[in-house]
Amino acid sequence: SFQHNSELDMRMDISQKLSAKEVINNYGYEDLLNIFYKYGEEKNSKKIAESIINNRPVQTTDQLVSVIELSLPRQNPKYTKNSVRKIFQAVRIEVNNEINEINESLESVKDFIKKDGLMIFLSYHSIEDRAVKQFIDKETKGCICDPKLAICRCENIALFKLGKYKKRKPSNFEIKLNPRSKSAVLRFMVKI
């Protein structure tokens, strides 16, 4: 979190070596840029990555917030805070290898689902949701060969079918009761 000043860490498992401080202070420009684009979807990624490189070492959350804010064009403070949030999210995802963890978890769980059983997914941001959508596509489509090929060579068989709806989002009433649910997306598929 960037709401309280603390040392840059962001590890969910404190026994792992990679921390936010390592990412911010040791990754090269291209690596930072890639993380900010891929996991933060931040349009000012180039300026922010450049600013971080030029202001190293960055030791605390407040220092990182300052570096990010200084690299942004003058804008509504709401958008500035949103950019800070995106960069922190991107660094956290990188530090904890979150997308890989999601993919590995989904792969390991699918074989435990019985016939007509459901796999239900609840994601809270577009990066997570993209990983879930790709997994659902892979498991519900069957053949994944290039459509230009006349013969299937992958021999991939669909293990699941799509549910009655593609996705559900919270109602306005639910968002009013629980503002954090605003970004949630629910998806599911059924074992064949």
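Computed from a predicted model, the values in this text were never measured in an experiment. Computed over heavy atoms, backbone and side chain alike; hydrogens, waters and symmetry mates excluded.
- Distance check, rounded to the nearest 0.5 Å: NZ of Lys81 to CZ of Arg85 gives 6.0 Å.
- In terms of heavy atoms, Val91 sits closest to Ala20 at CG1-CB, 3.7 Å.
- Contact detail for Ala158 and Thr140: the closest heavy-atom pair is CB-O, 3.6 Å.
- Comment: Glu7 engages Lys21 in a salt bridge, judged by a side-chain N to carboxylate O separation of less than 4.0 angstrom.
- Taking each heavy atom of Ala49 and Leu32 in turn, the nearest pair found is CB-CB, 4.0 Å.
- Side-chain atoms of Lys86 never come within 3.5 Å of backbone atoms of Glu42 as a donor-acceptor pair (strictly under, hydrogens ignored).
- Side-chain contact between Leu8 and Gln63: absent, with no pair of heavy atoms (C-beta onward) separated by less than 4.5 Å.
- Applying the 6.0 Å contact sphere to CG of Asn76 captures more than 12 heavy atoms from other residues, nucleotides or ligands.
- With hydrogens and angles ignored, the 3.5 Å screen pairs a side-chain donor or acceptor of Arg56 with a backbone N or O of Ile24.
- Between Arg11 and Asp13 no salt bridge is recorded (no basic side-chain N to carboxylate O distance below 4.0 Å).
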Next on the checklist: For a side chain to side chain contact (heavy atoms under 4.5 Å, CB included) check, start with the C-alpha distance between Arg92 and Tyr39, then their side-chain angles and the critical distance, and finish with the verdict.
Outcome noted: CA-CA 9 Å; Arg92 188 201 72 227; Tyr39 299 142; over 6 Å; no
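- Although no hydrogens or angles enter the test, the distance criterion places no donor-acceptor pair under 3.5 Å between the side chain of Asn55 and the main chain of Val67.
- Glu41 approaches Ser126 most closely through the heavy-atom pair OE1-OG, 2.7 Å.
- No side-chain donor-acceptor contact under 3.5 Å links Glu101 and Asn97.
- By the 4.5 Å heavy-atom criterion applied to side chains, Phe88 and Thr61 are counted as neighbours.
- For Ser51 (side chain) and Ile68 (main-chain N/O), no donor-acceptor pair under 3.5 Å exists by modelled atom type.
- Atom-to-atom distance recorded for Phe160:CZ and Lys138:NZ is 10.0 Å, nearest 0.5 angstrom.
- Environment of CD1 in Ile157: sparse, with no more than 12 heavy atoms of neighbouring residues, nucleotides or ligands closer than 6.0 Å.
- Between atom CG of residue Leu106 and atom CD of residue Gln134 there is a gap of 11.0 Å, rounded to the nearest 0.5 Å.
- Rounded to the nearest 0.5 angstrom, Met10 CE and Leu18 CG are separated by 11.0 Å.
- Atom CZ in Phe36 sits 11.5 Å away from atom CG in Asn44 (nearest 0.5 Å).
- For the pair Ser181 (side chain) and Ala184 (backbone), a donor-acceptor distance under 3.5 Å is absent.
- Leu122 and Ile120 fall within a single hydrophobic cluster, where Ile, Leu, Val, Met, Phe, Trp and Tyr side chains are chained together by heavy-atom contacts under 4.5 Å.
- Using a 4.5 Å cut-off on side-chain heavy atoms (C-beta onward), Glu69 and Val84 make contact.
- Panel note: side chain Asn25, backbone Val58; a donor-acceptor pair is recorded below 3.5 Å.
- Lys115 places none of its side-chain heavy atoms less than 4.5 Å from the side chain of Ile192.
- Within 6.0 Å of atom NZ in Lys110, more than 12 heavy atoms from other residues, nucleotides or ligands are found, so the atom counts as buried in its surroundings.
- A donor-acceptor pair shorter than 3.5 Å can be found between the side chains of Glu94 and Tyr27.
- The minimum heavy-atom distance linking Gly163 with Val190 is given by the pair CA-CG2, 4.5 Å.
- Looking only at side-chain heavy atoms (C-beta outward), His125 and Ile93 come within less than 4.5 Å of each other.
- Contact detail for Leu186 and Tyr165: the closest heavy-atom pair is CD2-OH, 3.7 Å.
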Checklist entry - side chain to side chain contact (heavy atoms under 4.5 Å, CB included) between Leu118 and Ile113: does it pass, once the steps are laid out? => result CA-CA 7 Å; Leu118 302 177; Ile113 308 298; over 6 Å; no
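- Interatomic distance, Lys141 NZ to Cys143 SG, rounded to the nearest 0.5 Å: 10.5 Å.
- Remark: Phe173 CZ is loosely packed, at most 12 non-hydrogen atoms of other residues, nucleotides or ligands lying under 6.0 Å away.
- Residues Phe121 and Ile102 fail the side-chain proximity criterion, which asks for heavy atoms closer than 4.5 Å.
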Next on the checklist: Could you walk me through whether Lys38 and Ile99 satisfy the side chain to side chain contact (heavy atoms under 4.5 Å, CB included) test, starting with their C-alpha distance in whole Å, then the side-chain angles of each, then the deciding distance to 0.1 Å, before giving a yes or no?
Outcome noted: CA-CA 11 Å; Lys38 189 174 173 184; Ile99 303 306; over 6 Å; no
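- You'll find the side chain of Ile136 stays beyond 4.5 Å of the side chain of Met119, heavy atoms only.
- Both Ile48 and Tyr37 belong to a common hydrophobic cluster when Ile, Leu, Val, Met, Phe, Trp and Tyr are linked at side-chain heavy-atom distances under 4.5 angstrom.
- Counting heavy atoms of neighbouring residues, nucleotides and ligands inside a 6.0 Å radius, atom OH of Tyr79 does not exceed 12 of them.
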Checklist entry - Would Val185 and Lys169 count as a side chain to side chain contact (heavy atoms under 4.5 Å, CB included) if you check the C-alpha gap in whole Å, the side-chain angles of each, and the deciding distance to 0.1 Å? => result CA-CA 5 Å; Val185 176; Lys169 292 186 165 217; 4.1 Å; yes
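- For Lys191, the NZ atom counts as densely surrounded, since its 6.0 Å shell holds more than 12 non-hydrogen atoms of other residues, nucleotides or ligands.
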